[in-house]
Structure formats: structure tokens, C-alpha cells
Asker: 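Pasting in a structure now, in C-alpha cells, and then I'll have a few things to ask.
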Amino acid sequence: SKFAITGGSIVLKDKKQQDLSVTVKDINMVLKGVSLISPFSLSLSMNAVYQKMTARISVKGSVDVKEEKTDIKEIKVV
């Protein structure tokens, strides 16, 4: 089985800090081989925008729900 989020966005605002917000956009996540009893793959990419700075973040790995474990194979921030 497969689960995907394509083109999602989130806005994080800190109400204690004036004008402090981060927008996470272009969220693309794919989970392949989704299972509650065996590991499945995770691929995630997004752009985090703070003021005029943008960071492209990507993560690849696997998730094992039964063992409550995540194995991150690769993280890139550009």
C-alpha cells in the first residue's frame, strides 16, 4: 500500500515573538509498503521559508511501527 501528500503547506507562528513565522511549503511525502507489522519506506521533501531565506529539506528512510523505530538513511538541507 502507498500513502502520499503532494504540494502541502504549513505555517508555523510563534505568538510570543513578534513577526516570527516559518512557512513550510511544497511538502511531498510518500510512504510505500505501509504496514503496522513490518518496516516501510519514507520519502519526504519540503521548502522551509523564514523571512527571505529558503531551505530545501529532504529525508529518506524507513519506519517500523511495530518496533517503534525510524531509520533515517539520508537528510539533505540546501
Side-chain angles (χ1 to χ4, degrees):
S1 57
K2 180 179 172 182
F3 174 83
I5 295 174
T6 305
S9 65
I10 300 170
V11 176
L12 307 167
K13 292 187 177 188
D14 186 342
K15 294 188 180 206
K16 293 181 181 179
Q17 299 290 326
Q18 190 175 16
D19 295 327
L20 181 60
S21 69
V22 175
T23 301
V24 181
K25 61 183 187 174
D26 305 322
I27 300 170
N28 295 300
M29 180 176 70
V30 176
L31 306 175
K32 290 184 182 175
V34 178
S35 171
L36 297 176
I37 59 173
S38 61
F40 56 89
S41 68
L42 160 74
S43 176
L44 172 66
S45 65
M46 67 191 100
N47 289 315
V49 181
Y50 173 70
Q51 295 179 348
K52 295 182 180 182
M53 299 177 291
T54 301
R56 180 76 178 159
I57 302 165
S58 63
V59 178
K60 292 183 181 181
S62 64
V63 177
D64 188 332
V65 175
K66 182 179 176 186
E67 298 295 324
E68 299 178 352
K69 183 174 133 181
T70 303
D71 184 17
I72 303 300
K73 302 284 185 198
E74 175 181 287
I75 296 177
K76 290 183 182 178
V77 179
V78 180

Asker: Determine whether Arg56 and Asp26 make a side-chain contact, defined as any pair of heavy atoms from C-beta on separated by less than 4.5 Å.
Answerer: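 A side-chain contact exists here, since the closest heavy-atom pair is under 4.5 Å.
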Asker: Can you tell me how far the CE atom of Met29 sits from the OG1 atom of Thr6, to the nearest 0.5 Å?
Answerer: 9.5 Å
Asker: Measuring only between side-chain heavy atoms, which start at C-beta, is Thr70 closer than 4.5 Å to Asp64?
Answerer: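 Not touching, per the 4.5 Å side-chain cut-off.
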Asker: Please report the interatomic distance CG(Leu20) to OH(Tyr50), rounded to the nearest 0.5 Å.
Answerer: 5.0 Å
Asker: Look at the side-chain heavy atoms of Ile, Leu, Val, Met, Phe, Trp and Tyr, link any pair under 4.5 Å apart, and say whether Ile10 and Met53 land in one connected group.
Answerer: yes
Asker: Identify the heavy atoms of Val22 and Ala48 that sit nearest to each other, and give their distance.
Answerer: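 Closest heavy-atom pair between Val22 and Ala48: CG1-CB, 4.5 Å.
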Asker: Would you call Leu44 and Ile27 a side-chain contact if the rule is heavy atoms closer than 4.5 Å?
Answerer: yes
Asker: Could you list the residues that satisfy salt bridge (Lys or Arg N to Asp or Glu O under 4.0 Å) with Asp71, not counting sequence neighbours?
Answerer: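 So Asp71 forms a salt bridge (Lys or Arg N to Asp or Glu O under 4.0 Å) with Lys73.
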Asker: As an exercise, state the distance from CD1 of Ile72 to OG of Ser62, rounded to the nearest 0.5 Å.
Answerer: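 Between Ile72 CD1 and Ser62 OG, I get 7.5 Å after rounding to 0.5 Å.
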Asker: Ignoring hydrogens and geometry, is there a side-chain-to-backbone donor-acceptor pair from Ser45 to Ser58 under 3.5 Å?
Answerer: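 Checking the backbone N and O of Ser58 against the side chain of Ser45, no donor-acceptor pair under 3.5 Å is found.
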Asker: Which pair of heavy atoms, one from Ser35 and one from Val65, lies closest together, and at what distance?
Answerer: O-CG2, 4.0 Å
Asker: Looking at every heavy atom in both Ser21 and Lys13, which two are closest together, and how far apart are they?
Answerer: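 Distance-wise, the nearest heavy atoms are CB-CG, 3.7 Å.
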Asker: Got a sec, which residues hit side-chain contact (heavy atoms from CB on, under 4.5 Å) with Lys60, two or more places apart in sequence or on another chain?
Answerer: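 Result, side-chain contact (heavy atoms from CB on, under 4.5 Å) vs Lys60: Ser43, Glu74.
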Asker: In Å, rounded to the nearest 0.5 Å, how long is the span from NZ of Lys66 to CG of Leu36?
Answerer: 11.0 Å
Asker: In a check of side-chain contact (heavy atoms from CB on, under 4.5 Å) between Asn47 and each of Thr54, Ile57, Val24, which one passes?
Answerer: Thr54
Asker: Can you check whether Val34 reaches Lys2 side chain to side chain, under 4.5 Å on heavy atoms?
Answerer: no
Asker: Tell me whether Leu42 is reachable from Val77 by hopping between hydrophobic residues (I, L, V, M, F, W, Y) whose side-chain heavy atoms are closer than 4.5 Å.
Answerer: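 Yes: a chain of side-chain contacts under 4.5 Å links Val77 to Leu42.
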Asker: Treating Ile, Leu, Val, Met, Phe, Trp and Tyr as nodes and any side-chain heavy-atom pair under 4.5 angstrom as an edge, say whether Phe3 and Phe40 lie in one connected cluster.
Answerer: yes
Asker: Hey, what do you get for CE (Met46) to CD1 (Ile5), rounding to the nearest 0.5 Å?
Answerer: 10.0 Å
